[in-house]
Every structure is written in structure tokens, then in C-alpha cells.
*Asks:* 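I'd like to ask you about the structure that follows.
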Amino acid sequence: NDEWAAVAGDVRDAADTMAALLVGRGVGAGTESRAVDGGTARVNWRAVLRRFVGSAMERESTLAWPSRRLPHLVGTVPGSRNRPTKPRLMAVIDTSGSITSQLLADISQELLALRALVEVLVVECDFEVHRVYRMTAPIVNVQGGGGTDLCPALREHFISDQRAELVVYFTDGFGPAPEQPPKVPVLWSIVPGGRKPATWGSVVHMAR
């Protein structure tokens, strides 16, 4: 009858909604190559990293380097210089379907700005890790497009394998995250319209 048809329609609508939510969490989602082009960087990463990484971004004091004011007293008066090696940062890109091509392009530009300050290792992940590589040039495509699971790239053994000293996760935050933080500092770089996905970690918001 008509009443049963109406109920059945409501059930179908609810089922469709639940299916969409499940896909957003990585169930039944496919993987594709997505093109990245353009974009704009807006975050002051030097200030952000000094705040969250601290001494790893500072100049070091050493007797082996001449002082600017007293260069003739090298070996006696310490001088300061940039640290000989850059901190190793693991930048995780949320490549799920909810991250638009424009956001991916903006993230690419943010990564180029980061690369001037630290060694950047890029990890592409939607509900699973797809690719890991060093940032050497603008990103032209990413693998993903499925649902979102923030856990795989934040597993302790995975971070350890990458020898990361800091993790920056570019995401909208709509997906499950680990209940406990990894041992290294994590900075959530939240895209416009996103939210912090966990109670732990620091946050920087990517402005439009």
C-alpha cells in the first residue's frame, strides 16, 4: 500500500545516507590518480615550526664557528650557525574524495614552502597509504579519492620506518584517528571547513 511504499522509501534514503558515510570512512571506496595544478601557500611555516618544533629549527652555538662580532676569537668565543641537517618532516596528505583538487593544489604549495625549511617526506593516504616520496618539486598528481582513515599513516612503526621527527597531516579531519598520539609531535593542518580529528596534537588552519 501507499503507507508501506513511503516507509520503504525512507528506509532506502537512510540506507543511501549510511552507505555514503561508510564510503567516507574508507569502506568500498576506489583509488584513482588525481591531477594537481596551481594553488597558493598562506601559512607562515617558519613561525609555525619554531613554535611547535622548537630547538630543531634554531641556530646552534658552537666553538667551531666564528662569532660575527669577534671572528678572530674562533675556538674561544662561540659563533652561531644554522644546524647542519634539516629536521625530517613527514607530511601526510589526505587524498580522500572530500579533499578537492583546489585544496590539493594549495597543499602542494604549502609543501614547497615547508621544503625550504625542512626535509619533507610526502605520504599520500586516504583510507590506506598509497605513496611515499621526498618532496623535490610541485606535486602534479596524487593517488586516492576513496574514504578517509587517518590511522594508517600515524602508526608508530610506519613513522619510525620513515625516520620522521615531526608529522604534519593535511586533512579536513573527517575520519577516524588514533586514540593515542605517536611519539613524535603531530601538527594537524586543517583545510577550510575542516575540524581537528583528535583530542591530541597541535593545529594550524589553512586560510582561504
Side-chain angles (χ1 to χ4, degrees), residues 24-27 29 31 41 43-58 60 83-99 103-104 106-136 139 142-206:
R25 291 182 178 273
V27 178
T31 299
V43 177
N44 183 347
W45 287 108
R46 184 177 295 276
V48 169
L49 292 180
R50 279 180 175 166
R51 178 180 175 188
F52 293 109
V53 184
S55 60
M57 290 298 298
E58 302 299 328
E60 65 175 353
R83 292 187 176 274
T85 59
K86 294 180 178 180
R88 186 175 175 88
L89 181 149
M90 188 176 84
V92 186
I93 304 176
D94 178 352
T95 60
S96 65
S98 61
I99 304 298
L103 288 174
L104 290 171
D106 290 342
I107 290 170
S108 174
Q109 294 303 310
E110 299 291 1
L111 290 176
L112 286 175
L114 272 168
R115 179 173 159 264
L117 304 170
V118 293
E119 179 185 350
V120 177
L121 186 74
V122 179
V123 176
E124 298 177 2
C125 180
D126 49 12
F127 60 93
E128 62 181 350
V129 173
H130 294 292
R131 295 195 298 190
V132 179
Y133 53 91
R134 289 187 63 183
M135 181 73 178
T136 59
I139 296 173
V142 298
Q143 294 292 322
T148 306
D149 189 343
L150 305 171
C151 297
L154 293 175
R155 293 191 175 110
E156 203 70 62
H157 68 86
F158 180 79
I159 295 174
S160 178
D161 288 345
Q162 314 314 319
R163 297 182 290 109
E165 300 173 66
L166 169 70
V167 175
V168 177
Y169 209 127
F170 294 86
T171 181
D172 57 11
F174 293 106
E179 293 185 2
Q180 300 298 323
K183 295 178 182 177
V184 302
V186 174
L187 178 62
W188 301 104
S189 183
I190 305 300
V191 302
R195 62 174 177 81
K196 186 180 180 182
T199 57
W200 48 267
S202 302
V203 173
V204 59
H205 290 277
M206 290 175 55

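Model, not experiment: these values are computed from the prediction.
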*Asks:* To the closest 0.5 Å, what do you measure between CD1 (I99) and CD1 (I107)?
*Replies:*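 The CD1 atom of I107 is 6.0 Å from CD1 of I99, to the nearest 0.5 Å.
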*Asks:* How many angstroms lie between atom CG of L111 and atom CD1 of I139, to the nearest 0.5 angstrom?
*Replies:*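 The distance works out to 5.0 Å.
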*Asks:* Is there side-chain contact between L49 and L89, with heavy atoms separated by less than 4.5 Å?
*Replies:*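 The answer is yes; the side chains approach within 4.5 Å.
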*Asks:* With side chains defined as the heavy atoms from C-beta onward, is the minimum distance between T171 and I190 less than 4.5 Å?
*Replies:*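 Result yes, sub-4.5 Å side-chain heavy-atom pair found.
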*Asks:* Nearest 0.5 Å please: distance from the CZ atom of R50 over to the CG atom of L117.
*Replies:*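 Those atoms lie 9.0 Å apart.
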*Asks:* In terms of heavy-atom contacts, does CZ of R134 have more than 12 from other residues, nucleotides or ligands at under 6.0 Å?
*Replies:*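 Open.
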*Asks:* Ignoring hydrogens and angles, state whether a donor on the side chain of W45 or E110 is under 3.5 Å from an acceptor on the partner side chain.
*Replies:*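 Their side chains do contain a donor-acceptor pair, which is all the 3.5 Å distance test asks for.
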*Asks:* Give me the atom names and distance for the closest heavy-atom approach of S96 to D94.
*Replies:*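 Between these two residues, the closest heavy atoms are OG-OD1, 2.7 Å.
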*Asks:* Looking at every heavy atom in both D126 and G145, which two are closest together, and how far apart are they?
*Replies:*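 Looking at all heavy atoms of both residues, the shortest contact is OD2-N, 3.5 Å.
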*Asks:* If we only count heavy atoms from C-beta on, is the F158 to V92 side-chain gap below 4.5 Å?
*Replies:*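 No, every pair of side-chain atoms sits at 4.5 Å or beyond.
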*Asks:* Is K183 reaching over with its side chain to a backbone N or O of I159, donor-acceptor style, under 3.5 angstrom?
*Replies:*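 Pair absent, no side-chain N/O of K183 close to backbone of I159.
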*Asks:* Mark yes or no for whether E124, through its side chain, and Q143, through its backbone, hold a donor-acceptor pair below 3.5 Å.
*Replies:*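 Yes, the answer is positive, given that a donor and an acceptor are paired below the 3.5 Å cut-off.
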*Asks:* Taking all heavy atoms of P185 and all of L166, pick out the closest pair and write down the distance.
*Replies:*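 Shortest heavy-atom separation between P185 and L166 comes out as O-CD1, 3.3 Å.
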*Asks:* Are any non-hydrogen side-chain atoms of F170 and V122 less than 4.5 angstrom apart?
*Replies:*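 SC-SC contact between F170 and V122 ruled out.
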*Asks:* Can you measure from CE (M135) to CZ (R115) and round to the nearest 0.5 angstrom?
*Replies:*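 Rounded to the nearest 0.5 Å, the CE-CZ separation comes out at 7.0 Å.
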*Asks:* Would a 4.5 Å heavy-atom cut-off, applied to side chains only, mark D149 and E128 as touching?
*Replies:*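 No, side chains not in contact.
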*Asks:* Looking at OG1 of T95 and NE2 of H130, how far apart are the two atoms once the value is rounded to the nearest 0.5 Å?
*Replies:*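 If we round to the nearest 0.5 Å, T95:OG1 and H130:NE2 are 5.0 Å apart.
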*Asks:* Kindly give the heavy-atom pair with the smallest separation between P176 and T148, and that separation in Å.
*Replies:*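 P176 and T148 have their closest heavy atoms at CD-O, 3.4 Å.
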*Asks:* List the atom of P178, the atom of L150, and the distance in Å for their closest heavy-atom pair.
*Replies:*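 Here P178 and L150 meet closest at CD-O, 4.2 Å.
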*Asks:* Just how far is it from atom CD of E156 to atom CG of D161, taken to the nearest 0.5 Å?
*Replies:*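 It is 10.5 Å, given to the nearest 0.5 Å.
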*Asks:* Looking only at heavy atoms, which two atoms of M90 and Q162 are closest? And how far apart?
*Replies:*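 Here M90 and Q162 meet closest at SD-CG, 3.7 Å.
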